[in-house]
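A quick write-up on the structure given underneath.
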2 protein chains.
Amino acid sequence: MDKQTVTIYDVAREAQVSMATVSRVVNGNTNVKPSTRAKVLEVIKRLDYRPNAVARGLASKKTTTVGVLLPDITNNFFNSLALGIDDIASMYKYNIILDNADNKKESQVLSNILAKQVDGVIYMGHQLSDSVREEINRTNTPFVLAGLNDTKNEIPSVNIDYTQAFYEVVIGLLEQGYQHIGFLAAKPYFTNNTDRYNGYVKALEEAGKSVDQDLLFETADSRFKNGEEIASHIKDSKADALVVVGDELAVKVTNFMVDNGVKVPEEFAIVTSNNTALTEIVRPSLTSIEPPLYDIGAVSMRILTKLMHKEEDVENHVTLPHKFVLRDSTKH
Amino acid sequence: MDKQTVTIYDVAREAQVSMATVSRVVNGNTNVKPSTRAKVLEVIKRLDYRPNAVARGLASKKTTTVGVLLPDITNNFFNSLALGIDDIASMYKYNIILDNADNKKESQVLSNILAKQVDGVIYMGHQLSDSVREEINRTNTPFVLAGLNDTKNEIPSVNIDYTQAFYEVVIGLLEQGYQHIGFLAAKPYFTNNTDRYNGYVKALEEAGKSVDQDLLFETADSRFKNGEEIASHIKDSKADALVVVGDELAVKVTNFMVDNGVKVPEEFAIVTSNNTALTEIVRPSLTSIEPPLYDIGAVSMRILTKLMHKEEDVENHVTLPHKFVLRDSTKH
DNA sequence: CTGTTAGCGCCTTCAA
DNA sequence: TTGAAGGCGCTAACAG
């Protein structure tokens, strides 16, 4: 009738031991005589006993559950991170409470997840709002930001060097002879995009060029659907190369260019930022920065486990190395 | 120091009422004098009290948490369903414990999730193994299969009519004059693929054609990466049209054809099955069956809420209508 | 090596 | 409308 029918008491009675002993064998405590352990295990199996994790959580103050917040589970950037998180989580026997915080009041979602007594939280998103930061500071539950820099450097985070990556991309484009390199990203620039923009600027300045406002393109949302109009603007501009934040956006621009007779990469080069599967699907395929998405998630979770186990000297701000994948949207 | 510092006792003391009263206002029980309710609420706010969901779960035997199992969170088919599930879940105030069951022993994962006392479970996957079915039957926790038919019709599920959809696709291709229509799917055929295959066969038979073994193509895995070799086989076969299970696979075949000079759709037509974003990214864009992925997830979760609330007469096997999106990979 | 005994924080009768 | 009291199932000292 109920979810849980057989309890630790039932096992204890049936095995003719105390519940403490049953608890010990369930928790792998070694101070149990092998013969009684065997007896208990037999009864557990026979009765199909399954320890109630909720009761366990209440008594031990540990739930072996971590909260994971992300803006959009269908976004390849975020779900790639999530995969890494999930793998490491299950390796360490943690469950994940997933919250697609898109459109919901994040601090509300966070409060709710904290009420569930998660042992830790991984936060993914475009930026860290003040209300969320406040929640984080108010609780003792460990937090890690995955793929998002903390502008105040208070909260542990795992990232690549977005500035450096974009700097390198632009330098490369310059070397290939492109003259008017545009920058396309969603506005307003959130944390990571500010970093990327800085890398773009730095490269231009080193090359003795100044930033041309006419080469700064923006969209309100980096999702695929919103790329059509901006692509048209870009085509009509003097840009002969473009670095893009968001593969979906980059794909949209690429298709628009090709569909409208622009030769890529001869007349127009495109470099994108996340190296998701889309980059290999478009024609021409897209040259891209290759951030180790899975690893960012995995490392974030690994750090969280250390934090949850109260280990000392946990690395707080990890910068993972990135690579580049040269494909057909650039000359090289 | 601890996760949870302020408890219901603290609030009771501070508000000078009993904890029972605090519990009542927290749970929206109406039998509380407005003035004392106000007082309690004030204290709750002032103390930043947050009810401990674990304790609540233990006492009430409800966790307002549901388990969601899927094989791969980076797969667009599954994460689209997950988005629908998540939206409805948060609408009904449920949290989701997400388990990427890929490569792990599913029944183990399931047992683990059941130990967390979830109020219900949504299962997604390619098939329902016997061990999982056994687990499901052994527990009283409600289950719903999302995007997966139960071959034994025991467990509630939400799907489209895969057989009918493929039947219609093949009929359409036949009408357009294609003579040798191939069928490409991962082998062995799991539940849904068997349905799809049946639709393919049914259409051919109605047209007086028999199934040609040389037109049955297979891969071990429907993911994008494994499509190269099979695409080459298909190109060398007599097929002049192809229905594909899995958009990633379809994209791979399309790119291979185009890259190798085959004219799509003039010489070769392709129809895919899930209408994920990829279909609009390839050139030519892909004609596709349009299953309401988000809705399948949403309806599954809606049904699960009814089951969890022990409502009567809950619809058990829902078949949602599908559509078709005609794009450039077919003549029409 | 094993049992006894308090709680963990909250819900929920049952009385008042 | 409110309070007292007994669990929910398990962990974790503390004895023995």
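A note on names: the letters A, B, ... follow the listed sequences, proteins ahead of strands, and every chain is numbered from 1.
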Greater than 12 external heavy atoms within 6.0 Å of A/Glu315's CD:
yes
How long is the line joining OH of A/Tyr9 and C1' of D/dG7, in whole Å?
10 Å
Just the rounded figure in Å: distance from C1' of D/dT11 to CG of A/Asn29.
11 Å
For B/Ser60 and A/Ser18, take the nucleotide of DNA chain C holding the closest heavy atom to each; which residue's nucleotide lies nearer the 5' end?
A/Ser18
Side chain of A/Ala59 (C-beta onward), nearest among C/dC11, C/dT13, D/dC10:
D/dC10
By the 4.0 Å heavy-atom rule, please label B/Ser23 as base, sugar-phosphate, or nothing.
base
Can you tell me how far C1' of C/dC8 sits from CE of B/Met19, to the nearest Å?
12 Å
Is a side-chain donor or acceptor of A/Asn27 paired with a backbone partner of A/Asn29 at a separation under 3.5 angstrom?
no
How about B/Asp195 and B/Asn149: does a side-chain donor come under 3.5 Å of a side-chain acceptor?
yes
Could you state the CG-C1' distance from B/Leu58 to D/dC10, rounded to the nearest angstrom?
8 Å
Measure CZ/A/Arg13 against P/C/dG3 and give the value in whole Å, please.
15 Å
Please classify the nucleic acid contact of A/Val17 as base, sugar-phosphate, or nothing, using heavy-atom distances under 4.0 Å.
sugar-phosphate
With nearest nucleotides of DNA chain D determined for B/Ala55 and B/Arg37 from heavy-atom distances, which residue corresponds to the more 5′ nucleotide?
B/Arg37
Please report the distance, rounded to the nearest Å, between CD in A/Gln117 and P in C/dC8.
14 Å
Would B/Glu312 and B/Lys306 pass as an ion pair if we require N to O under 4.0 Å?
no
By nearest atom, which of the nucleotides C/dT2, C/dC11, D/dC10 is closest to the A/Thr36 side chain?
C/dT2
Rounding to a whole Å, what distance do you find between A/Lys62:NZ and D/dA12:P?
7 Å
Among C/dC8, D/dA12, D/dT11, the one nearest A/Lys61 by side-chain distance
C/dC8
Quick check on D/dG9: is either OP1 or OP2 less than 4.0 Å from any side-chain nitrogen or oxygen of A/Arg56?
no
Answer yes or no: side-chain N or O of B/Arg50 and base N or O of C/dG9 forming a donor-acceptor pair under 3.5 Å.
no
If you check the B/Asn52 side chain, which of C/dC10, D/dT2, C/dT2 turns out closest?
C/dC10
With a 4.0 Å limit, can you tell me whether B/Thr21 has a side-chain N or O closer than that to the phosphate oxygens OP1/OP2 of D/dG3?
yes
Rounded off to whole Å, could you give me the CG-to-P distance for the A/Asn31 and C/dT2 pair?
9 Å
Keeping the roles fixed (side chain from A/Asn95, backbone from A/Thr65), state whether a donor-acceptor pair exists under 3.5 Å.
no
